[in-house]
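As structure tokens, the structure follows; a few thoughts come after it.
Since we're looking at a predicted model, the values are computed, not measured.
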Amino acid sequence: QVQLVESGGGLVQAGGSLRLSCAANGVAFSLYNMGWFRQAPGKEREFVAGMSRSGASTAYIDSVKGRFTISRDNAKKTAYLQMNSLKPEDTAVYYCAKDRSPVIRPPPRETREYDYWGQGTQVTVSS
């Protein structure tokens, strides 16, 4: 019933930009935090950025602060991740995800707190 469809990945040179989109279907989108995660080959999935229901609260890992911006459009039921000044170490498969709880709280960083996931989109940054 719940479907998250991602788009926007690709190959980019270091210093370039990409904008990822995550369109949601079958869910009351505005009632849930949304998060972005990434997984590089041989590594565990890691939290990248999150945003609260209204967009008033955001969270980022230190390595992307000042470079990445999470946003959402509740009317369009879509979440976004704008990625600027990309580095080779940003190379990974990126996933959007929905917080399993409608409780008003800071966007959680743990994968176990999310119950639905996008299909993943590859981001490759060359040096």
Side-chain angles (χ1 to χ4, degrees):
Q1 294 182 15
V2 178
Q3 186 180 34
L4 305 178
V5 181
E6 302 177 34
S7 61
L11 174 65
V12 65
Q13 293 279 344
S17 298
L18 287 172
R19 184 180 186 242
L20 307 183
S21 297
C22 174
N25 295 299
V27 64
F29 182 80
S30 64
L31 298 182
Y32 297 92
N33 294 330
M34 294 294 294
W36 287 94
F37 293 75
R38 66 188 181 189
Q39 187 166 21
K43 296 184 178 180
E44 292 189 349
R45 200 180 316 157
E46 69 170 345
F47 176 85
V48 177
M51 176 166 277
S52 65
R53 294 160 55 163
S54 67
S57 178
T58 59
Y60 299 91
I61 54 172
D62 288 343
S63 62
V64 308
K65 288 181 178 177
R67 299 190 298 120
F68 291 11
T69 303
I70 187 172
S71 62
R72 65 191 294 164
D73 185 334
N74 285 343
K76 295 181 178 179
K77 301 179 70 174
T78 303
Y80 305 93
L81 186 67
Q82 178 67 46
M83 304 184 294
N84 298 327
S85 302
L86 283 161
K87 303 175 180 180
E89 50 263 46
D90 296 318
T91 295
V93 177
Y94 283 71
Y95 300 89
C96 67
K98 181 188 79 67
D99 189 345
R100 66 172 63 252
S101 174
V103 171
I104 298 175
R105 62 177 180 172
R109 296 172 179 263
E110 301 82 8
T111 59
R112 61 180 171 82
E113 297 296 332
Y114 295 82
D115 59 354
Y116 289 96
W117 298 80
Q119 82 280 10
T121 185
Q122 177 71 47
V123 172
T124 302
V125 184
S126 62
S127 59

Mind checking whether [X] and [Y] have side chains closer than 4.5 Å, heavy atoms only?
{"X": "Arg109", "Y": "Ile61", "answer": "yes"}
{"X": "Arg38", "Y": "Glu46", "answer": "yes"}
{"X": "Lys98", "Y": "Met34", "answer": "yes"}
{"X": "Glu44", "Y": "Thr111", "answer": "no"}
{"X": "Cys96", "Y": "Trp117", "answer": "no"}

Check for me, please, whether [X] and [Y] land in the same ILVMFWY cluster - side-chain distances under 4.5 Å, paths through other members count.
{"X": "Tyr116", "Y": "Val27", "answer": "yes"}
{"X": "Phe47", "Y": "Val123", "answer": "yes"}
{"X": "Tyr80", "Y": "Val48", "answer": "no"}
{"X": "Val12", "Y": "Val64", "answer": "yes"}
{"X": "Met51", "Y": "Leu4", "answer": "no"}

Separation between [atom1] of [X] and [atom2] of [Y], rounded to the nearest 0.5 Å:
{"X": "Ser127", "Y": "Lys87", "atom1": "OG", "atom2": "NZ", "result": "13.5 Å"}
{"X": "Thr121", "Y": "Leu18", "atom1": "OG1", "atom2": "CG", "result": "8.5 Å"}
{"X": "Leu31", "Y": "Ser54", "atom1": "CG", "atom2": "OG", "result": "11.5 Å"}
{"X": "Thr124", "Y": "Leu86", "atom1": "OG1", "atom2": "CG", "result": "10.5 Å"}

Checking [X] side chain against [Y] main chain: does a donor-acceptor pair fall under 3.5 Å?
{"X": "Thr91", "Y": "Val125", "answer": "yes"}
{"X": "Glu6", "Y": "Leu20", "answer": "no"}
{"X": "Tyr60", "Y": "Ile70", "answer": "yes"}
{"X": "Asp90", "Y": "Ala14", "answer": "no"}
{"X": "Tyr114", "Y": "Pro108", "answer": "yes"}

Answer yes or no on whether Arg72 is positioned over the face of Phe29, meaning its NZ or CZ is under 6.0 Å from the six-membered ring centre and within 45° of the axis.
-> yes

Heavy atoms from other residues, nucleotides or ligands near CD1 of Ile104 exceed 12 (cutoff 6.0 Å) = no

So which atom in [X] and which in [Y] form the shortest heavy-atom distance, rounded to 0.1 Å?
{"X": "Gly26", "Y": "Val2", "answer": "O-CG2, 3.5 Å"}
{"X": "Gly50", "Y": "Pro107", "answer": "C-CG, 3.6 Å"}
{"X": "Ser21", "Y": "Thr78", "answer": "CB-CG2, 4.4 Å"}
{"X": "Val93", "Y": "Gly120", "answer": "CG1-CA, 3.8 Å"}

Go through the steps for Glu113 and Arg100 under the test salt bridge (charged side-chain N to carboxylate O under 4.0 Å, His left out), then give the verdict.
-> CA-CA 6 Å; Glu113 297 296 332; Arg100 66 172 63 252; 5.0 Å; no

What is the ring orientation for Tyr94 with Phe68, classed by angle as parallel under 30°, tilted 30 to 60°, or perpendicular over 60°?
-> tilted

